[in-house]
Amino acid sequence: MRGLQLDSLNPALLNVQYAVRGELAIKAEEHREKLKTDDHGLPFGKVISSNIGNPQQKGLDQPPITFNRQVAALLEWPALAELAPNAFPKDVIARAKQLHEEIGSIGAYSHSQGAAMIRRHVADFIAERDGYPSDPNHIFLTGGASAGVSLLINMLISSPKSGILIPIPQYPLYTATLAAFSGVPLPYHLDEESEWATSPRDIEIAIEKARKDGIDVKALVIINPGNPTGALLDEPTMEKVVHLCEQHDIVLLADEVYQSNLHSRHTHPFISFKQVVRQMGSQVPLVSFHSISKGVTGECGRRGGYFECANIGEDVIALMYKMVSVGLCPPLSGQIGVDCMVRPPKPGDESYPLWEKETNETHAVLAARTKIMAERLNKLPGASCVNSPGALYLYPRLELPDRAVEAARQAGKEPDAFYAMQLLDETGICVVPGSGFGQKEGQNHYRLTCLCPGVEEYVGALEKFHLGFMERYGGL
Ligand SMILES: Cc1ncc(COP(=O)(O)O)c(C=O)c1O
């Protein structure tokens with residue numbers, strides 16, 4: 001009987017790889033369990049989850065924004081507004097009432113594209129951000145940005161010769177989803193020497209190469225601000241990217257989930273691809289993704305996000321609607337989270353002072369940690385690190401001694417995975433090796449988040465480990 005055997009299933013799924021939750025994350029969980037026992041014998045007292053941009057995870061503990069949680073609480077249990085009237089600011093009660101009147105119980109399915117009122121609020125947010133109108137009927141609320149990315153990749157891959165251009169290093173959602181839908185990842189490299197800049201020329205070279213190989217180039221993914229690099233595209237580069245998409249007739253997929261994670265957001269504000277496309281009067285088809293998982297919201301577990309379509313025909317929008325309706329609707333708790341993200345309290349609202357204090361504090365700690373980490377990592381022999389202007393990560397490069405590379409080979413591991421495993425075993429710090437994001441042949445990196453509290457102690461442990469590792473393998 002064949003039954004549910006690996007060799008009888010969709011073979012594409014066997015090619016899916018997702019390093020963020022890979023071997024190291026599994027080992028970190030094992031260590032975490034072991035630490036609960038009295039005789040664990042581990043040389044550290046806690047596991048530090050520096051591998052994942054999951055702000056509210058236990059141990060990272062980014063505080064949720066009070067306003068968002070109060071609105072969520074009243075939608076979960078509307079009677080609370082009467083039972084504990086003094087526990088909630090007036091604007092929270094008004095917001096929850098308005099959402100409740102529109103949506104009803106959050107235990108019910110909503111419109112498959114997401115509640116109409118919340119989509120209108122998203123459109124208002126986009127219009128205010130960009131200075132160009134946005135159509136709520138072209139917005140799809142999603143269970144996190146991942147669900148939207150997956151839908152678009154599924155729709156775009158029409159044959160095993162369909163390819164999508166992916167930045168390297170990339171967030172592995174893209175290669176993993178492409179593998180699942182049997183599409184071809186077409187890598188283009190970001191330039192570490194120019195602070196991980198996106199080079200339109202390198203994208204063009206990748207397009208030409210793919211076409212020579214008989215690949216139908218369907219779309220270009222840009223992650224801005226970047227994961228794992230944190231890099232921010234400048235406007236002239238964005239315009240060149242849009243021209244390229246026009247010239248080669250490809251869809252632009254703009255992953256903008258880190259748009260509010262800019263460490264100098266007042267001097268270097270985020271510019272969306274939607275704004276650039278409208279400014280240029282371009283007809284390039286654009287899908288932009290956003291999420292409640294990042295920014296200062298950090299509500300990863302609620303699964304909320306949206307994508308906006310621009311320059312996309314009504315027949316395709318109708319097909320998207322059909323596809324999302326197969327899944328009924330995005331989670332309502334995520335939809336409420338999206339409403340709070342795009343419609344935060346305004347000056348004069350009772351919740352505004354606390355909201356402002358909380359968001360400023362989170363921005364400040366992320367910026368300060370990133371700066372300290374980059375400065376200290378750059379002082380280490382055999383390590384260098386671009387100081388990231390945004391997102392939640394640093395992506396240091398390692399120059400590992402030959403003996404370490406040889407030892408990794410003997411152990412059947414990539415050198416950076418070998419380094420990262422020893423780092424985890426000696427310090428409890430869990431990072432993701434660069435091999436999980438893609439990198440140039442012979443290079444080694446790792447990604448760590450700036451979400452970990454106690455940065456001094458944490459970087460101190462990293463430094464001590466690094467020096468010991470380099471000494472052990474003859475690199476000092
Ligand atoms: C670049 C990028 N895009 C998308 C996502 C997925 O986010 P979500 O939780 O909204 O699915 C992530 C998550 O880390 C990410 O880094």
Side-chain angles (χ1 to χ4, degrees), residues 18-22 25 49-57 60 62 64 68 114 122 139-154 164-178 180 185 190 196 198 219-233 252-262 270 272-273 287-308 324 327 330-331 333-338 340-342 366 388 390-395 430-432 436-438 447-451:
Y18 190 70
V20 178
R21 294 196 174 217
S49 305
S50 197
N51 57 317
I52 189 158
N54 185 12
Q56 295 182 26
Q57 179 166 332
L60 300 180
Q62 179 174 302
N68 299 1
V122 173
I139 290 167
F140 288 73
L141 304 186
T142 54
S146 310
V149 168
S150 180
L151 172 69
L152 263 294
I153 292 183
N154 187 5
I164 297 189
L165 291 148
I166 307 287
I168 297 295
Q170 55 120 14
Y171 172 56
L173 163 69
Y174 290 95
T175 40
T177 313
L178 264 168
L190 305 176
W196 294 114
T198 298
L220 164 65
V221 173
I222 302 270
I223 307 176
N224 185 42
N227 174 6
T229 64
L232 185 65
L233 266 72
L252 180 53
L253 301 177
D255 181 331
E256 300 176 333
V257 301
Y258 295 100
Q259 61 186 269
S260 64
N261 287 113
L262 291 177
F270 169 75
S272 73
F273 264 107
V287 184
S288 326
F289 303 90
H290 195 13
S291 169
I292 63 168
S293 298
K294 312 297 169 181
V296 286
T297 312
E299 295 277 4
C300 295
R302 281 179 199 271
R303 310 310 294 134
Y306 71 80
F307 65 85
E308 183 197 23
V324 295
S333 55
Q335 295 191 45
I336 302 300
V338 170
C340 292
M341 176 178 75
V342 299
L366 295 178
S388 150
L392 298 177
Y393 316 98
L394 284 176
Y395 195 55
C430 183
V431 298
V432 188
F437 302 101
R447 186 190 80 169
L448 71 170
T449 77
C450 58
L451 288 163

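Both ligands and their constituent atoms are indexed starting at 1 by order of listing. This chain uses plain numbering: 1 for the first residue, then up along the sequence.
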Q: Kindly confirm or rule out an N or O of Tyr174 lying under 3.5 angstrom from an N or O of ligand 1.
A: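 No, since none of the N or O atoms of Tyr174 sits under 3.5 Å from an N or O of ligand 1.
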Q) Purely on distance, is any nitrogen or oxygen of Ala145 under 3.5 Å from one on ligand 1? A)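 Between Ala145 and ligand 1 (N or O atoms, distance only) the closest approach is under 3.5 Å.
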**Q.** Whether Phe307 and Phe289 hold their rings parallel, tilted or perpendicular, with breakpoints at 30° and 60°
**A.**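 Answer is tilted, since the angle falls between 30° and 60°.
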Q | Any side-chain heavy-atom pair of Thr198 and Pro167 under 4.5 Å | A |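 Side-chain contact under 4.5 Å: no.
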Q | Gap between atom CG of Leu152 and atom CD1 of Ile164 - 0.5 Å precision | A |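 Rounded to the nearest 0.5 Å, the CD1-CG separation comes out at 8.0 Å.
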Q: With rounding to the nearest 0.5 Å, note down the distance linking CD1 in Ile223 to CD in Glu256.
A: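 The CD1 atom of Ile223 sits 11.5 Å away from the CD atom of Glu256.
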Q) Of Ser291, Ser293, Pro64, which meets side chain to side chain contact (heavy atoms under 4.5 Å, CB included) against Glu299? A)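 Result: among Ser291, Ser293, Pro64, Pro64 is the only option passing the side chain to side chain contact (heavy atoms under 4.5 Å, CB included) with Glu299.
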(Q) I'd like to check the salt bridge (Lys or Arg N to Asp or Glu O under 4.0 Å) partners of Glu308; sequence neighbours left out, ordered by chain and number. (A)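 Counting only residues at least two positions away or on another chain, Glu308 forms a salt bridge (Lys or Arg N to Asp or Glu O under 4.0 Å) with Lys274.
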Atom indices of ligand 1, in the order listed, that fall short of 4.0 Å to a heavy atom of [X]:
X	answer
Tyr258	1 (C), 14 (O), 15 (C), 16 (O)
Ile223	1 (C)
Arg303	8 (P), 9 (O), 11 (O)
Ser291	8 (P), 10 (O)
Asn227	1 (C), 15 (C), 16 (O)
Ser293	8 (P), 9 (O), 10 (O)

Q: Could you tell me if any non-hydrogen atom of Phe289 lies under 4.0 Å from any atom of ligand 1?
A: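 No, that is not the case, since the closest heavy atom of the residue is not under 4.0 Å from the ligand.
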Q. side-chain hydrogen bond (donor to acceptor under 3.5 Å, both in side chains) with Ser146: which residues, sequence neighbours excluded?
A.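 By the side-chain hydrogen bond (donor to acceptor under 3.5 Å, both in side chains) rule, Ser146 matches no residue at all.
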